[in-house]
Amino acid sequence: SSYTVIGNNNIKLTFDTNGFLAYVTADGMTRTISQEFLYYIAATGNNEEFLNRSSGAYIFRPDKNQIRFATDEVSLEVYKGQLVQEVHQQFNSWISQVVRVYKQSNHAEFEWLVGPIPIKDNIGKEVISRFTSDIKSEGIFYTDSNGREMLKRRRNHRETWNVKIHESVAGNYYPVTTKIALEDDTARMAILTDRAQGGSSLEDGVLELMVHRRLLHDDAFGVGEALNETEYGEGLIARGKHHLFMGKSLQRPEVSLKAIERLVQLETLLPSWKFFSNVSYSSDQWL
Amino acid sequence: DPHLNFMRETMGIMQHHDAVTGTEKQKVALDYAKRMSVALRACSTNIRSVLNQLSISSDRVSPQPTKFEFKTCTLLNISSCATSELNDRFALTLYNPLAHSTNEYVRVPVTDYKYVVIDPTGKSLPTQVVPVPKAVTNLQHRNSSAQYELIFLASNLPAVGYKTYYIEKSDSIPVRGKPSASPKKK
């Protein structure tokens, strides 16, 4: 019946009464930022014709750019403690997520769990996580180049030739190895990934990342089979993390959001290695 | 060397463009996963050997120092780990591969919600326990009894170095003073 807030002194996330993220407060400002899961309907083509391929392992190609919402209401469970505050979201029977903010961090972590993607309706699906903000990015966004420099991308545009994009979704997708970001004069939003994914900004202020896909047709580029992993029965389940950063876009000598992003990027992709040992000692003996 | 070489060869195979992009056939994908798993298991022998040498303190009196297992838990991505689930006492060694010291919030899958975590200086750390999300505990092929995740902050992990934490179910600790309050149910 009321908004749910989690966070710390650096960042606060507000969830609306339907269970969706609604606002993010960080770096002295509150911005409208929502997050939801959607899926594209995969194109089923005739592979004999070059310009009419199916969506497959090599190419992402939604059918007439059709997109569906995973749900319009999310169930929430909230856990608040001294080290972490987290919200467990259930979007539908095959999409769930934990959104958390640790006590000392300045970003939010979105741990998504997607699958097995249902295919009883004989429709291939390509699932995305979409962050929608009020940032006026004017068609510009940035994706990383294999974790190193950030490359400027402009919607429906190529740097070295005049292009007419015939498929506005697929034609604007770019590889994201670690980071995708956008900004305007006042605010900046960046998302770090834990693995390589496809991503885009199809509207101003909006970032999306593809998290999982299950397809029923081969795209005739060589693999010779559909991307439909059924070896374990129902289909694969994927679990991963996105890290959301929001703050002022101005570069300031004392605080640089980009510098913080870079540090978290390293720590996300190269976390500590964990080794477990059985111990028979008491704590004093062990010390 | 044979262990390391198997991992080297596997990492070589993983550079193939089909492995990088995921455009390999399904049976090949399964073979890649198997090779990675075998390589990791082989190298765990080397890790065990190295960490056992490093962890022997110089002033140790015992002529036969105890050897620790140092197991990797490759199912932590589904909040599952046999060592932390089956033992009331265990040690967690964190190796930081970065060239600078870091802080990391560690999540350990456990079966109960009462644990103490002791850092290498003997200090008891603040901890929190949250339930493993229902969507994860309900996973069809997840064979785990972990219902909770134990969280603590591992601070100042040294650059390209390690720290070991002692973790124990608090029920099995002898009472030293006033017991801490049990967690509030939400």
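Below, chains carry the letters A, B, ... as their sequence lines are ordered, and counting in each starts from 1.
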Asks: Specify whether Tyr102(A) and Tyr105(B) have parallel, tilted or perpendicular ring planes, treating 30° as the upper limit for parallel and 60° as the lower limit for perpendicular.
Replies: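 Aromatic pair Tyr102(A)/Tyr105(B) classed parallel.
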Asks: Determine the option with the most heavy-atom pairs under 4.5 angstrom with chain B, choosing from Leu227(A), Ile95(A), Val223(A).
Replies: Val223(A)
Asks: Heavy atom to heavy atom, less than 4.5 Å: which residues from residues 111-118 of chain A reach chain B?
Replies: Leu113(A)
Asks: Relative to chain B, which segment of Leu270(A) carries a heavy atom at a distance below 4.5 Å: side chain, backbone, both, or neither?
Replies: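 Both the backbone and the side chain of Leu270(A) come within 4.5 Å of chain B.
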Asks: Of the listed residues (Ala82(B), Ser44(B), Pro120(B), Pro131(B)), which shares the most heavy-atom pairs with chain A below a 4.5 Å separation?
Replies: Pro131(B)
Asks: Can you tell me how far apart OG (Ser93(A)) and CG (Asn138(B)) are? Round to the nearest 0.5 Å.
Replies: 11.5 Å
Asks: Is Pro175(A) close to chain B through its backbone or its side chain, or both, or neither, when contacts mean heavy atoms under 4.5 Å?
Replies: neither
Asks: Given a strict heavy-atom distance threshold of 4.5 Å, which part of Asp18(B) is in contact with chain A: side chain, backbone, both, or neither?
Replies: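 Side chain only.
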Asks: Of the backbone (N, CA, C, O) and the side chain (C-beta and beyond), which part of Gln90(A) lies under 4.5 Å from a heavy atom of chain B, both, or neither?
Replies: side chain
Asks: Is there a side-chain contact between Lys71(B) and Asn278(A), using heavy atoms and a 4.5 Å cut-off?
Replies: yes
Asks: Name all pairs fulfilling the ring pair (Phe, Tyr, Trp, His ring centres under 6.0 Å) condition that reach into residues 77-102 of chain B, sequence neighbours left out, sorted by first residue then second.
Replies: Trp273(A)-Tyr95(B)
Asks: Can you tell me how far CD1 of Ile47(B) sits from CZ of Phe275(A), rounded to the nearest 0.5 angstrom?
Replies: 4.0 Å
Asks: What residue in Thr21(B), Asn96(B), Val106(B), Thr127(B) has the most heavy-atom pairs under 4.5 Å with chain A?
Replies: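 That would be Thr127(B).
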Asks: Could you name each residue pair satisfying salt bridge (Lys or Arg N to Asp or Glu O under 4.0 Å) that touches residues 258-269 of chain A, not counting sequence neighbours?
Replies: Lys179(A)-Glu261(A), Arg188(A)-Glu261(A)
Asks: Let me know if Ile237(A) has heavy atoms under 4.5 Å from chain B in its side chain, its backbone, both or neither.
Replies: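 The side chain, not the backbone.
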Asks: Could you give the distance from CD1 (Ile167(B)) to CZ (Phe276(A)), rounded to the nearest 0.5 Å?
Replies: 7.0 Å
Asks: Please, which pairs that meet side-chain hydrogen bond (donor to acceptor under 3.5 Å, both in side chains) have at least one residue in residues 146-156 of chain B, sequence neighbours excluded?
Replies: Ser79(B)-Glu149(B), Arg107(B)-Glu149(B)
Asks: Can you say whether Arg100(A) sits under 4.5 Å from chain B via the side chain, the backbone, both, or neither, judging by heavy atoms?
Replies: side chain
